[in-house]
S.K.: 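First the structure, which I've put down as structure tokens, then a few questions once you've had a look.
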Amino acid sequence: MSMHAAWMTHRSMTADPSVKEQKLKPGTVKRIFSFAQPYKRSITLFLITVVLDAVLVVATPLLLRRLIDDGVIPKNGQLVTQLALMVGALAVADALMSMIGRWYSSQIGEGLIYDLRTLVFAHVQKQSIAFFTRTQTGALISRINSDVIGAQQAFTASLSGVVSNVVSLVLVGATMLILSWQITVVALILLPMFLIPTKWVGRKLQSLTRESFNLNAQMSSTMTERFNVSGAMLVTLYGQPEQEKESFRGRARKVADIGITMALLNRLFFIALTSVAAIATAFAYGIGGHLAISGTVTVGTLLAITALLARLYGPLTALSNVRIEVMTALVSFERVFEVLDLQPMVSDKPDAKVLDAKNPSIEFRGVGFHYPRAEEISLASLESTAKAETVQSGEVLKDLSFMAKSGTLTALVGPSGAGKTTISALLPRLYDVTAGSILIDGDDIRDVTLESLRNSIGVVMQDAHLFHETIAENLRYAKSDATDEEMQSACEAAQIWKLISSLPNGLETMVGERGHRLSGGEKQRLAIARLLLKSPSIVVLDEATAHLDSENEQLVQDALKVALKGRTSIVIAHRLSTVRDADQILVLDKGAIVERGTHDELVTQGGLYSDLYNRQDLAGTTNQDSSIHD
């Protein structure tokens, strides 16, 4: 048996048999073939090379038979030379077919991987934020990587394997029966002796492979959590390094032990295959030798049959597991389709128009909202939960109405859980309202395109996210064609240019993962520079100065004054001193507006705002505090 045949047999034997029990959704196979349409010509040519390669498998032993019977035994040197050259030519042709087949296979396979990955990536990007709050990142990445690769094998390894094995089996079996039915029958009787060890080793390898995958996944998860900046800091400050090391060492040791066992089983597998094939060949020589002595078969026929015998068991074993192999590829396709079929909760209407908001006003009209249920936003297979959720979030916002006039600042204050951040998420349609409507210049935001809506809104969160790129790349995320001069101007207005210009690499300085090479205040000012570069007409600040020291807070406040000037702004504030000059302050509690007015009006009312204000003990320091709307 050739090494390639042994490997294909090994792959089919070690596939997970449980996949046979899975039921495909109706229409899955038809949908899969739609992905093959662009590669129809390549697939046809690929299968032709596979069939020709299978035909060559039979042609070579038959030529050798004639070389022995008609050339060597009769001592016909000219024929021996001719047939030997033909055998050599067939070997070259076989290599050529193999190369051409591999080229088509890679064209089809890599093309499908490219198509599926880009399709899944683009589709996932369209999902609402709710999807990402529930989805396990590793499971999602696995769909884009492992399942996509598994899917493409349906048109490469699985398809070629089935066609090649069927054609080889038919041609080899028919040829052997024609040459000597007696030896062929004996060879088939020995087949169970060939299958039993492969099935046993296959089951063992399946179990060990699953366990190895699980342990590797656990180690990857551990390393991902511990090797990012936040995780490393937590381990350093609170962790127990020795305990962490021992825990990881234990898992790594188990993976190593499994690897040793699998290596031995793999070797046993190939030894078993080659040994049984050798035993079958010995039987063929023994029986065939007696038949040759009696004149029933020729010596050339005997050698041809033994050569064909080595090509018989591999296809037989692989085809005995073809259902598992095909279903594995089809299930991978179905898992990819599962992601593609998940419709985004927030999307454009077919007739959505472009929002043109130069000096916009914002109106929340009777807005109600509750967070969507798990089954509405995600897939169970992409989550990792110990127990299904049975309690829903309930109403987060209740009949909320207010108007933010053009160029004004509206502050949202209130205790934690009052619904302030939810409001900031509804305006750019990270979620859609479940009741009422949000209007910008009289247009319902659900009637305008998402692109134009989000282009009009700039957001600075409490924890500004920066990618592990240079300062320039992070800034250009807001405006891809921004010049160095534009970036410098934005950074100067955001009070961060002095720091950037002092760095050896300036704008080309790497900020580190999540911007951890910068302080909290520096990240916030860089986020404000990014907002200024975007130049939106609406600004949303979600506690942008929370958790900053007084020096950084003052710098951020100065930067925000520039960012908010002339723009319609909604500011969520924990420190009430920062919004005392807001045009209007909305006080939220339990999802409803309980008070509204200016700072002075609300303080004198003696309600919740006054209580929050007094609790922060700001009354005596009012004149010393800075406001973002001075």
Side-chain angles (χ1 to χ4, degrees), residues 121-133 342-372 376-377 396-410 412 419-461 476-482 527 530-542 563-572 583-584 586 593:
F121 185 85
H123 186 73
V124 168
Q125 280 195 309
K126 295 177 184 176
Q127 295 297 328
S128 67
I129 293 299
F131 170 81
F132 296 99
T133 62
L342 184 66
Q343 294 304 310
M345 284 200 68
V346 178
S347 58
D348 286 335
K349 287 183 177 180
D351 58 347
K353 60 183 182 180
V354 175
L355 177 66
D356 184 19
K358 301 297 183 186
N359 300 293
S361 61
I362 301 168
E363 182 183 358
F364 276 61
R365 187 181 292 173
V367 169
F369 178 74
H370 62 77
Y371 283 97
E376 294 177 313
I377 56 176
V396 179
L397 299 178
K398 307 165 188 174
D399 194 26
L400 199 79
S401 297
F402 69 88
M403 169 75 80
K405 293 181 180 179
S406 174
T408 63
L409 188 152
T410 298
L412 306 178
K420 305 184 296 295
T421 297
T422 301
I423 292 173
S424 72
L426 292 177
L427 185 57
R429 288 191 71 194
L430 301 183
Y431 298 88
D432 269 337
V433 298
T434 51
S437 57
I438 301 173
L439 297 93
I440 295 179
D441 282 346
D443 291 322
D444 191 318
I445 60 173
R446 290 169 294 191
D447 295 332
V448 302
T449 64
L450 284 169
E451 183 180 7
S452 64
L453 172 66
R454 292 170 182 172
N455 282 343
S456 302
I457 300 172
V459 181
V460 177
M461 308 297 288
R476 287 198 178 102
Y477 208 74
K479 186 181 180 184
S480 58
D481 59 348
R530 184 164 57 189
L531 180 144
L532 291 171
L533 206 55
K534 184 177 183 180
S535 192
S537 54
I538 298 170
V539 173
V540 177
L541 304 179
D542 189 353
L564 300 182
K565 189 175 182 180
R567 294 183 169 96
T568 307
S569 309
I570 293 180
V571 176
I572 298 170
D583 296 291
Q584 68 170 332
L586 306 178
I593 298 175

S.K.: Please round to the nearest 0.5 Å and tell me the distance separating atom CD1 of Ile445 and atom OG of Ser456.
M.R.: 11.5 Å
S.K.: Assess the residue pair Leu427 and Ile438 against the criterion (side chain to side chain contact (heavy atoms under 4.5 Å, CB included)); give the C-alpha distance rounded to whole Å, side-chain angles, the decisive distance to 0.1 Å, and a yes or no.
M.R.: CA-CA 7 Å; Leu427 185 57; Ile438 301 173; 3.9 Å; yes
S.K.: Indicate yes or no: at least one non-hydrogen side-chain atom of Ile572 is less than 4.5 angstrom from one of Ile423.
M.R.: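 When only atoms from C-beta onward are counted, Ile423 and Ile572 do not touch, as no gap falls below 4.5 Å.
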S.K.: First locate atom CG of Leu430, then atom CZ of Arg454, and finally report the distance between them rounded to the nearest 0.5 Å.
M.R.: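 Rounded to the nearest 0.5 Å, the CG-CZ separation comes out at 6.0 Å.
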S.K.: Testing the basics here: between Ala478 and Lys534, what is the closest heavy-atom pair and its distance to 0.1 Å?
M.R.: CB-CB, 3.9 Å
S.K.: Whether the side chain of Thr568 engages the backbone of Gly407 through a donor-acceptor N/O pair (distance < 3.5 Å, no angle test) should be reported.
M.R.: yes
S.K.: Taking atom types as modelled and ignoring hydrogens, do the side chains of Thr422 and Tyr371 form a donor-acceptor contact shorter than 3.5 angstrom?
M.R.: yes
S.K.: Checking Arg365 side chain against Ser437 main chain: does a donor-acceptor pair fall under 3.5 Å?
M.R.: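 A pair under 3.5 Å: no.
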S.K.: Which value, rounded to the nearest 0.5 Å, describes the distance between Lys398 atom NZ and His370 atom NE2?
M.R.: 13.0 Å
S.K.: So, the side chain of Thr434 versus the backbone of Gly368: is there a donor-acceptor pair under 3.5 Å, distance only?
M.R.: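 Yes; judged by distance alone, with no hydrogens or angles, the pair exists.
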S.K.: When you measure from the side chain of Arg530 to the backbone N and O of Tyr477, does any donor-acceptor pair fall under 3.5 Å?
M.R.: no
S.K.: Between Ile538 and Pro360, which heavy-atom pair has the shortest distance, and what is it?
M.R.: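 Residues Ile538 and Pro360, closest heavy atoms: CG1-CG, 3.4 Å.
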S.K.: Enter the distance from Ser406:OG to Ile440:CD1 here, rounded to the nearest 0.5 Å.
M.R.: 11.5 Å
S.K.: In the structure I gave you, are the side-chain heavy atoms of Gln125 and Pro344 within less than 4.5 Å of one another anywhere?
M.R.: no
S.K.: What is the minimum heavy-atom distance between Arg446 and Gly436, and which atoms define it?
M.R.: NH2-O, 3.0 Å
S.K.: Yes or no on side chain to side chain contact (heavy atoms under 4.5 Å, CB included) for Leu412 and Ile570, after CA distance, side-chain angles and deciding distance?
M.R.: CA-CA 7 Å; Leu412 306 178; Ile570 293 180; 3.8 Å; yes
S.K.: Check for a donor-acceptor pair, side chain of Gln584 on one end and backbone N or O of Lys405 on the other, with a separation under 3.5 Å.
M.R.: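 No.
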S.K.: Within the side chain of Ser569, is there an N or O that forms a donor-acceptor pair under 3.5 Å with the backbone of Leu409?
M.R.: no
S.K.: To the nearest 0.5 angstrom, please state how far the CG atom of Leu342 sits from the NZ atom of Lys126.
M.R.: 13.0 Å
S.K.: As an exercise, state the distance from OG1 of Thr449 to CG of Asp351, rounded to the nearest 0.5 Å.
M.R.: 11.5 Å
S.K.: Show the nearest heavy-atom pair for residues Ala404 and Thr410, with the distance to one decimal.
M.R.: CB-OG1, 3.5 Å
S.K.: Which pair of heavy atoms, one from Glu363 and one from Met403, lies closest together, and at what distance?
M.R.: OE1-CE, 3.8 Å
S.K.: Which heavy atom of Arg567 sits nearest to which heavy atom of Pro536, and what is that distance?
M.R.: NE-O, 2.5 Å
S.K.: Under a 4.5 Å cut-off applied to non-hydrogen side-chain atoms, are Lys349 and Asp447 in contact?
M.R.: yes
S.K.: Using side-chain heavy atoms (C-beta onward) and a distance below 4.5 Å, is Leu450 in contact with Arg429?
M.R.: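 With C-beta onward as the side chain, the pair touches.
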S.K.: Do Leu426 and Leu397 have side-chain heavy atoms sitting under 4.5 Å apart?
M.R.: yes
